[in-house]
Undergrad: 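Here it is, the structure, as structure tokens.
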Amino acid sequence: MSNINNIEAGAFRRLLEHLDSRKDVQNIELMELAGFCRNCLAKWYMAAAEEEGLDMDYDTARERVYGMPYEEWKAKHQK
């Protein structure tokens, strides 16, 4: 099971890297085309942390997904 977890973690990191490289793609576009956005991913991340018994708030999860505080990302990249 450990190998699967490592693979999933690696895929998640690649997804975050990809989203980070595509700051031009807005969350609304992701929602319309893929049915999820960066905020959804942050909620899933927070839920997974809670399933592991870790206390994580939404702002911390969003900072992990966005690579910076959400308000900073929003000011720099949201149209």
Side-chain angles (χ1 to χ4, degrees):
M1 190 67 162
S2 177
N3 287 337
I4 294 296
N5 290 339
N6 290 340
I7 292 167
E8 290 173 348
F12 178 73
R13 286 190 298 272
R14 294 279 301 265
L15 174 60
L16 291 182
E17 289 170 9
H18 180 73
L19 289 174
D20 191 50
S21 74
R22 292 301 313 265
K23 291 179 180 80
D24 59 310
V25 177
Q26 299 296 296
N27 280 334
I28 190 69
E29 296 167 330
L30 285 171
M31 280 301 284
E32 289 172 352
L33 294 172
F36 80 99
C37 69
R38 292 170 181 91
N39 290 324
C40 297
L41 194 55
K43 289 176 185 174
W44 301 338
Y45 189 82
M46 182 178 67
E50 289 174 357
E51 287 173 10
E52 293 296 316
L54 301 172
D55 186 31
M56 179 176 293
D57 63 22
Y58 185 47
D59 288 334
T60 301
R62 284 202 301 190
E63 188 168 337
R64 174 69 177 107
V65 170
Y66 285 91
M68 64 185 71
Y70 174 67
E71 293 302 322
E72 182 181 338
W73 190 95
K74 193 169 144 180
K76 288 182 177 180
H77 305 291
Q78 187 169 317
K79 296 176 186 173

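What you see below is based on every heavy atom in this structure, not just the backbone, and it leaves out hydrogens, waters and symmetry mates.
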Undergrad: Could you check Met31 against Cys40 for side chain to side chain contact (heavy atoms under 4.5 Å, CB included), going step by step and ending with a plain yes or no?
TA: CA-CA 9 Å; Met31 280 301 284; Cys40 297; 3.8 Å; yes

Undergrad: Quick check for you: to the nearest 0.5 Å, what is the distance between Glu50 atom CD and Asp57 atom CG?
TA: 9.5 Å

Undergrad: Looking only at non-hydrogen atoms, find the nearest pair between Ala42 and Ala61 and report the distance.
TA: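 Heavy-atom minimum between the residues: O-CB, 3.3 Å.
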
Undergrad: As an exercise, state the distance from CG of Asn27 to CD of Glu32, rounded to the nearest 0.5 Å.
TA: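 So the gap between those two atoms works out to 11.0 Å.
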
Undergrad: State, to 0.1 Å, how close Asp20 and Tyr66 come at their nearest heavy-atom pair, and which atoms those are.
TA: OD1-O, 4.3 Å

Undergrad: In residues 67-79, what donor-acceptor pairs under 3.5 Å come from side-chain atoms, sequence neighbours left out?
TA:
residue : atom : partner : partner atom : Å
Glu72   : OE2  : Lys76   : NZ           : 3.1

Undergrad: What residues form a ring-ring contact (aromatic ring centres under 6.0 Å, His included) with Phe36, not counting sequence neighbours?
TA: Trp44

Undergrad: Looking at CG of Leu19 and CZ of Arg22, how far apart are the two atoms once the value is rounded to the nearest 0.5 Å?
TA: 10.0 Å

Undergrad: With the 4.5 Å side-chain cut-off for hydrophobic clustering, are Tyr45 and Leu15 part of the same group?
TA: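 Yes, one cluster joins them.
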
Undergrad: How many angstroms lie between CD in Glu17 and CZ in Phe12, if you round to the nearest 0.5 Å?
TA: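 Taking CD in Glu17 and CZ in Phe12, the distance rounds to 11.0 Å.
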
Undergrad: Compare every heavy atom of Met56 with every heavy atom of Met46, then report the nearest pair and how far apart it is.
TA: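 That closest heavy-atom pairing would be CG-O, 3.3 Å.
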
Undergrad: Where do Val65 and Asn39 land on the side chain to side chain contact (heavy atoms under 4.5 Å, CB included) test, with the steps shown first?
TA: CA-CA 8 Å; Val65 170; Asn39 290 324; over 6 Å; no

Undergrad: For Asp55, check salt bridge (Lys or Arg N to Asp or Glu O under 4.0 Å) against everything at least two apart and list the hits.
TA: none

Undergrad: Could you report the tightest heavy-atom contact between Leu30 and Arg38, atom names first, then the distance?
TA: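 Result for this residue pair: CD1-NH1, 3.7 Å.
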
Undergrad: Which atom names give the shortest non-hydrogen contact between Glu29 and Asp24, and what distance separates them?
TA: OE1-O, 3.8 Å

